[in-house]
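Below: one structure, written as structure tokens.
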Amino acid sequence: MKKKNKIMFFLITILAGFMLAIQFNTTRQENNLADDTSDLWELRQQYLSEKELETYFHQQIRQSEDKIAQYETERHNRNGQVLQDTLNELKKEAGLKEISGPGIILSITPAYEYITPGQSKVYISPDVLRKLINELNMYGAKAISIADQRIISTTTIRNIQGETKVDGYPLRKFPLEIKIIANDHETVKKLYNQMQISTVPDDFFIDNLKVSISEPQEEIIIPAYSSSVSVNHMQTVKEERK
């Protein structure tokens with residue numbers, strides 16, 4: 001009986017130890033599982049954080065690309081506007097656009113009191129007109145028109161079949177107005193004063209023409225050059241290879 005009790009005690013001890021071993025192993029696995037679960041959660045959180053960061057960077061990149069595209073568009077538009085402004089300015093300087101500003105007006109009329117009956121029609125000398133234009137330019141004229149015909153660098157004033165013409169336009173109507181515009185009022189005053197002492201009106205008087213000079217005016221409008229501009233002796237410049 002004692003022997004049997006010892007065997008039973010031994011078996012119970014072994015079983016208890018086995019149960020304790022199983023319980024210990026289960027507890028360790030649960031702990032490992034808990035640790036693994038914790039690690040997975042941390043990894044998941046880290047992954048989500050990285051995804052959020054990636055999304056943020058993508059948004060920043062898109063915003064930067066949009067800004068670059070906007071800047072390029074604005075730069076293109078500005079360049080286009082600059083080119084257009086430059087073109088308009090060049091056209092003004094070339095006389096291809098209407099212009100306004102302070103200036104004076106010379107009015108040329110026949111001196112009828114000195115014209116004898118039966119005398120031929122009044123004649124305006126091309127040489128005297130060219131002399132007048134040169135003098136006006138010398139004293140600061142910015143733009144000039146004769147009978148509303150814009151004077152530019154290629155303008156021709158010559159006698160054609162006994163009639164003086166400006167770029168083919170006949171000067172036969174009186175009073176004949178010559179409009180002059182300057183850059184500023186000071187230059188206009190200078191022009192006015194110089195015309196008061198100029199000998200050009202005397203040259204017109206020889207041809208029985210009188211010249212009256214208006215007081216400086218705040219604004220005078222001179223039309224654009226109406227004829228086509230011919231360009232000669234020009235050739236395309238080849239771009240140098242780099």
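For the single chain, residues carry numbers from 1 onward in sequence order. All figures in this text were calculated on a predicted structure; none of them were measured in a lab. Every heavy atom of this structure was used, including side-chain atoms; hydrogens, water molecules and symmetry mates were not.
- Panel note: side chain Ser214, backbone Ile105; a donor-acceptor pair is recorded below 3.5 Å.
- Listed for the Arg150 side chain is a donor-acceptor partner under 3.5 Å among the backbone atoms of Pro223.
- By the 4.5 Å heavy-atom criterion applied to side chains, Phe204 and Leu132 are counted as neighbours.
- Between the side chain of Arg130 and the main chain of Thr156, no donor-acceptor pair closer than 3.5 Å is present.
- Pairing each heavy atom of Ala182 with each of Leu191, the nearest pair is CB-CD1, 4.1 Å.
- In the displayed structure, Arg158 atom CZ is contacted under 6.0 Å by at most 12 heavy atoms of other residues, nucleotides or ligands.
- With a 4.5 Å cut-off on side-chain heavy atoms, Ile178 and Ile133 do not count as touching.
- Under the 4.5 Å side-chain contact rule for hydrophobic residues, Ile146 and Ile160 do not share a cluster.
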Report the C-alpha distance between Leu209 and Val128 in whole Å, list the side-chain angles of each, state the deciding distance to 0.1 Å, and finish with yes or no for side-chain contact (heavy atoms from CB on, under 4.5 Å).
-> CA-CA 11 Å; Leu209 294 168; Val128 177; over 6 Å; no
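- Atom CG of residue Leu106 and atom CD1 of residue Ile180 lie 4.0 Å apart, to the nearest 0.5 angstrom.
- Only one option out of Asn159, Asp207, Asn208 pairs with Tyr123 in a side-chain hydrogen bond (donor to acceptor under 3.5 Å, both in side chains); it is Asn159.
- Looking at Ile222 and Ile144, their side chains never come closer than 4.5 Å, going by heavy atoms from C-beta outward.
- Glu177 CD to Phe174 CZ: the interatomic distance, rounded to the nearest 0.5 Å, is 12.5 Å.
- Following chains of ILVMFWY side-chain contacts shorter than 4.5 Å, one cannot reach Ile152 starting from Ile221, and the two form parts of different hydrophobic clusters.
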Run the numbers on Glu163 and Arg172 for side-chain contact (heavy atoms from CB on, under 4.5 Å), then give the verdict.
-> CA-CA 8 Å; Glu163 191 172 44; Arg172 58 172 73 127; 2.8 Å; yes
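- The NZ atom of Lys190 lies 8.0 Å from the OH atom of Tyr139; values are rounded to the nearest 0.5 Å.
- With sequence neighbours excluded, the residues that form a salt bridge (charged side-chain N to carboxylate O under 4.0 Å, His left out) with Lys131 are Asp203.
- Leu136 and Ile197 end up in different hydrophobic clusters when Ile, Leu, Val, Met, Phe, Trp and Tyr side chains are linked at under 4.5 Å.
- If you take OG on Ser100 and CD on Glu219, they are separated by 4.5 Å, rounding to the nearest 0.5 Å.
- For the pair His185 and Glu218, the minimum side-chain heavy-atom distance is below 4.5 Å.
- Within a 6.0 Å radius of NZ in Lys165, more than 12 heavy atoms belonging to other residues, nucleotides or ligands are found.
- Without hydrogens or angle criteria, Thr164 side chain to Ile124 main chain gives a donor-acceptor distance under 3.5 Å.
- Residue Gly101 comes nearest to Ile181 through the heavy atom pair N-CD1, 3.7 Å, listed as atom of the first residue, atom of the second, then distance.
- In terms of heavy atoms, Pro201 sits closest to Ser198 at CD-O, 3.4 Å.
- Contact annotation: the side chain of Ser226 approaches that of Gln149 to within less than 4.5 Å [non-hydrogen atoms, C-beta and beyond].
- Using a 4.5 Å cut-off on side-chain heavy atoms (C-beta onward), Tyr225 and Asp167 make contact.
- Both Ile151 and Met138 are part of a single hydrophobic cluster, where members link through side-chain heavy atoms under 4.5 Å apart.
- Taking the side chain as every heavy atom from C-beta outward, Gln196 and Ile213 approach each other to under 4.5 Å.
- Inter-residue side-chain proximity for Val211 and Val200 is flagged as unmet; no heavy-atom pair is nearer than 4.5 Å.
- Side-chain contact of Asp184 with Thr187: a donor-acceptor pair under 3.5 Å is present, judged by distance alone.
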